[in-house]
Colleague: 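Following this message is one structure expressed as structure tokens.
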Protein chains: 2
Amino acid sequence: MSLACSSLAAAIGRQIRLRREQRGMSAAELSRRAGLAKATLSGLESGRSNPTIDTLEAVAVALAVPLTDLLVQRDQGAVQVVRATDGDESGPHRELLRRVSGGHQVEIWRLRLPAHSGFDGVPHAPGTLEQLMVAAGRLSAGPSGEQVELGAGDLLAFAGDVAHSYRTTSEAADVTVVLASPLIG
Amino acid sequence: MSLACSSLAAAIGRQIRLRREQRGMSAAELSRRAGLAKATLSGLESGRSNPTIDTLEAVAVALAVPLTDLLVQRDQGAVQVVRATDGDESGPHRELLRRVSGGHQVEIWRLRLPAHSGFDGVPHAPGTLEQLMVAAGRLSAGPSGEQVELGAGDLLAFAGDVAHSYRTTSEAADVTVVLASPLIG
DNA sequence: GACATACGTTCATTTTACCGAACAAATCGA
DNA sequence: TCGATTTGTTCGGTAAAATGAACGTATGTC
């Protein structure tokens with residue numbers, strides 16, 4: 001067991017402990033289900049060791065999560081806006097707006113709102129992430145009470161499991177919606 | 001070095017070798033960049049060992065790939081186009097364009113191409129599905145040899161693990177790209 | 001209270017992943 | 001043609017990951 005705890009191993013350890021406690025599972029029980037020694041899991045969760053992928057996979061299977069979910073900190077459903085970048089039209093431009101890790105079903109919707117219209121979104125399954133890309137126009141969108149003004153090219157991401165709505169004023173809007181819903185085992 | 005090569009380790013090994021060869025990098029060079037012994041990489045690519053996350057991370061960094069990209073597996077998808085619906089502007093309009101089931105990691109990119117420009121997309125991890133939503137303009141996109149003409153509001157979906165490209169002619173284009181990568185686990 | 005069980009951690013021991021060196025084969029340049 | 005370099009693999013040694021047992025602690029039962 002090394003003492004040079006890599007930050008990655010520590011993050012993974014926190015992740016595992018978090019998931020385990022979310023399920024109300026004891027460390028002993030998880031180690032039993034994963035076919036690992038209690039000591040292994042202990043050192044793993046405390047970030048004191050540098051686990052093998054086989055070990056990680058066993059834990060992932062026992063926790064019923066995709067392996068990659070253990071490798072990144074869980075994306076919290078905070079509201080986040082990525083503003084359209086200025087039109088630097090000198091050449092092709094590519095930009096990563098957002099990354100959602102593992103274990104999701106993906107739905108892509110097209111949303112078209114005439115001027116002075118809108119509707120309330122149905123709250124989706126718990127854990128669902130909703131991301132809006134504004135193709136054209138202007139609208140105000142987001143969870144009730146946290147509405148954000150958006151223009152063409154903007155991206156808005158928020159937890160889709162609460163009440164939310166979309167509303168246009170003087171201008172129509174054309175929006176692409178990507179829903180990422182966690183899979184229920 | 002164990003002989004009980006786990007299928008996961010073997011898959012990861014294939015993945016690493018694939019990425020390395022795509023970059024025209026020798027195993028010796030990759031091991032140097034990753035700060036690993038040649039022997040380590042050799043056993044890793046051949047699926048004969050059970051790598052540590054630290055080792056995998058070093059390889060991922062040296063290959064300039066997210067760590068999770070080394071954990072994906074192959075799954076083909078066909079090229080599919082959903083044309084923009086006619087602008088029936090009588091009221092708010094919502095339309096499901098596409099659903100991708102299963103555990104996926106999602107990336108959302110913004111792509112901006114001036115007129116008469118274009119570039120080749122790097123082949124993504126095997127099994128990756130790429131879907132393009134055209135926010136504005138016109139472009140020709142898709143796998144090499146299966147290029148499709150797209151206009152504003154169109155959606156194109158295809159397997160992103162092959163060579164593909166995007167190209168505009170007289171008109172600029174603004175595109176949202178959603179990448180869905182399947183996961184092992 | 002006394003006992004039993006389950007929890008999470010720490011301790012030797014075994015297993016093995018990583019390393020460095022040596023190796024044959026292939027490639028390159030003079 | 002020859003030497004020099006680079007390639008990918010195989011071989012002991014070492015550090016450390018995983019193991020199983022034992023530990024102190026907490027919780028529950030009679």
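Letters go in sequence order (proteins before strands), and every chain restarts at 1. It should be emphasised that the depicted structure is a prediction, and the values quoted were computed from it without experimental measurement.
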Colleague: Give one of base, sugar-phosphate or nothing for Leu36(A), where a contact means two heavy atoms less than 4.0 Å apart.
Modeller: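 Answer is sugar-phosphate: Leu36(A) comes under 4.0 Å of backbone atoms only.
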Colleague: Closest approach to the side chain of Asn50(A), judged atom by atom: which nucleotide of dA17(D), dA18(D), dG8(C) is it?
Modeller: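 The nucleotide sitting nearest to the side chain is dA17(D).
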Colleague: Look at the side chain of Ala39(A) and decide which nucleotide, out of dT19(D), dC19(C), dC18(C), has an atom nearest to it.
Modeller: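 Looking only at side-chain atoms, Ala39(A) lies closest to dT19(D).
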Colleague: Nearest to the side chain of Arg20(B), heavy atoms from C-beta on, is which of dG8(D), dT9(C), dA17(C)?
Modeller: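 That would be dG8(D).
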Colleague: Where the side chain of Ser46(A) meets the backbone of Ser42(A), is there a donor-acceptor pair that is under 3.5 Å apart?
Modeller: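 Yes, the answer is positive, given that a donor and an acceptor are paired below the 3.5 Å cut-off.
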Colleague: Do Gln147(A) and Ser165(A) have a side chain donor and acceptor closer than 3.5 Å?
Modeller: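 Yes, Ser165(A) and Gln147(A) have a side-chain donor paired with an acceptor closer than 3.5 Å.
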Colleague: Between Glu45(B) and Arg20(B), does a salt bridge (charged side-chain N to carboxylate O under 4.0 Å, His left out) hold up when you go through it step by step?
Modeller: CA-CA 10 Å; Glu45(B) 285 193 349; Arg20(B) 173 173 68 78; 2.7 Å; yes
Colleague: OP1 or OP2 of dT9(D) less than 4.0 angstrom from a side-chain nitrogen or oxygen of Ser42(B), does that happen here?
Modeller: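 The answer is yes; a side-chain N or O of Ser42(B) sits under 4.0 Å from OP1 or OP2.
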Colleague: Of the listed nucleotides (dA18(D), dC18(C), dG8(D)), which one gets closest to any side-chain atom of Thr55(B)?
Modeller: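 Nucleotide nearest to Thr55(B)'s side chain: dC18(C).
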Colleague: Any side-chain N or O of Arg32(A) under 4.0 Å from OP1/OP2 of dC7(C)?
Modeller: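 Answer yes for this pair, as a side-chain N or O of Arg32(A) is under 4.0 Å from OP1 or OP2.
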Colleague: Without decimals, in angstroms, what is the distance between Arg48(B) CZ and dT9(D) P?
Modeller: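 About 7 Å, once rounded to whole Å.
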Colleague: Is Thr52(A) near enough to dA18(D) that one of its side-chain N or O atoms lies under 4.0 angstrom from OP1 or OP2?
Modeller: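 So the side-chain polar atoms of Thr52(A) do come within 4.0 Å of the phosphate oxygens OP1 or OP2 of dA18(D), strictly under.
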Colleague: Where the side chain of Ala37(B) is defined as all heavy atoms beyond and including C-beta, which of dT9(C), dG20(D), dC19(C) is the nearest nucleotide?
Modeller: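 Closest nucleotide to the Ala37(B) side chain: dC19(C).
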Colleague: Look at the side chain of Lys38(B) and decide which nucleotide, out of dC18(C), dA18(D), dG8(D), has an atom nearest to it.
Modeller: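 Minimum distance to the Lys38(B) side chain belongs to dG8(D).
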